[in-house]
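Input: a single structure, listed below in structure tokens.
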Protein chains: 2
Amino acid sequence: MGRGKIAIERIDNTTNRQVTFSKRRGGLMKKARELAILCDADLALIVFSSTGRLYDFASSSGMEAILERYQEAKEEHCGVLNPTSEISDYLRLSGILYFIS
Amino acid sequence: MGRGKIAIERIDNTTNRQVTFSKRRGGLMKKARELAILCDADLALIVFSSTGRLYDFASSSGMEAILERYQEAKEEHCGVLNPTSEISDYLRLSGILYFIS
DNA sequence: CGACCTATGTATAAATA
DNA sequence: TTATTTATACATAGGTC
């Protein structure tokens, strides 16, 4: 975009990299917020700049809740389906599965 | 964007909401990946759709490492600065602080 | 540095297949 | 319901101050 097209590779010039980081970070945060609202999605975004500064965004349920939900989703529980799995998708589509904690 | 402008509020029509979710999720993931590469940023994105399906993206250091780094950044350690803080920014700008574990 | 300015490249809302 | 098309709205690279 902008006046010229750029390749998606690390920007070597420090000043330019920081300016681009600032602009794109703002754009990404905005898009994340929009997705959460428009589609009723639960999402978390964590960004550390190359200088170590932290920026984050979480939808209404809150960062901690989302991170816990993520850990839960990644675990395999005895007798509990993993919401990431294909079988869970199938059960949801079939109307058999409505919710996974 | 697109043929018409839409308000940023929950999309009531289920089909429309799912189509929009699919498109915007893809766009958000792409932007996240670009920011990580262009600006050498460390980032994690976690998205749960309204039906509970999980989608995620993490830059090269990996999801677990980023989540741990996030928890570290949010904690106050005895004698260790919080990288989120203004004082840390000041020390970085002054060239006094280079790295925070 | 952050704020503003535009020419361009992208993302995407609706419609359609 | 998923893929493609296309008209528009939006994001943003490069400049300026």
Under 4.5 Å between any side-chain heavy atoms of A:Ile46 and A:Leu54, yes or no? yes
B:Gln18 vs A:Gly2, nearer the 5' end of DNA chain D by closest nucleotide: B:Gln18
Of the nucleotides D:dA13, C:dT12, D:dT1, which one has an atom closest to the side chain of A:Ile6? D:dA13
In Watson-Crick or G-U wobble terms, both distances under 3.5 Å, what is the partner of C:dT10? D:dA9
Spacing of B:Arg17 atom CZ relative to C:dT12 atom P, expressed in whole Å: 18 Å
Nearest-Å distance for atom pair CZ/P, residues A:Arg25 and D:dA13: 14 Å
Can you check the A:Ile8 CD1 to D:dT12 P distance for me, whole Å? 10 Å
Measuring only between side-chain heavy atoms, which start at C-beta, is B:Leu35 closer than 4.5 Å to B:Lys31? no
Counting just side-chain N and O atoms, does B:Lys31 come under 4.0 Å of either OP1 or OP2 of D:dT12? yes
Closest non-hydrogen contact found for B:Met29 with B:Val47 is CE-CG2, 4.4 Å
With respect to the phosphate group of C:dA11, does any side-chain polar atom (N or O) of B:Lys23 fall under 4.0 Å of OP1 or OP2? no
What is the separation between atom CG on B:Leu38 and atom C1' on D:dA13, rounded to the nearest whole Å? 11 Å
Report yes if at least one side-chain N or O of B:Arg24 is closer than 4.0 Å to OP1 or OP2 of C:dA13; otherwise report no. yes
Could you state the atom-to-atom distance from CZ of A:Arg3 to P of C:dC5 in whole Å? 13 Å
How close or far is atom P of C:dT10 from atom CG of B:Leu28, stated in whole angstroms? 18 Å
Atom CD of A:Glu34 and atom P of D:dC10: how far apart are they, to the nearest Å? 9 Å
Just how far, in rounded Å, is C1' of C:dC1 from CZ of A:Phe21? 15 Å
Tell me which nucleotide among C:dA14, D:dG14, C:dA11 gets nearest to the side chain of A:Asn16. D:dG14
Scan B:Thr15 against the nucleic acid and name what it touches under 4.0 Å (heavy atoms): base, sugar-phosphate only, or nothing. nothing
For B:Thr20 and C:dA13, is the shortest distance between a side-chain N/O and OP1 or OP2 below 4.0 Å? yes
At under 4.0 Å between heavy atoms, what does B:Lys5 touch on the DNA or RNA strands: base, sugar-phosphate, or nothing? sugar-phosphate
Is any NZ, NE, NH1 or NH2 atom of the basic residue among A:Asp42 and A:Arg69 found under 4.0 Å from an Asp or Glu carboxylate oxygen of the other? yes
Hey, does B:Phe21 have a side-chain heavy atom less than 4.5 Å from the side chain of A:Asp40? no
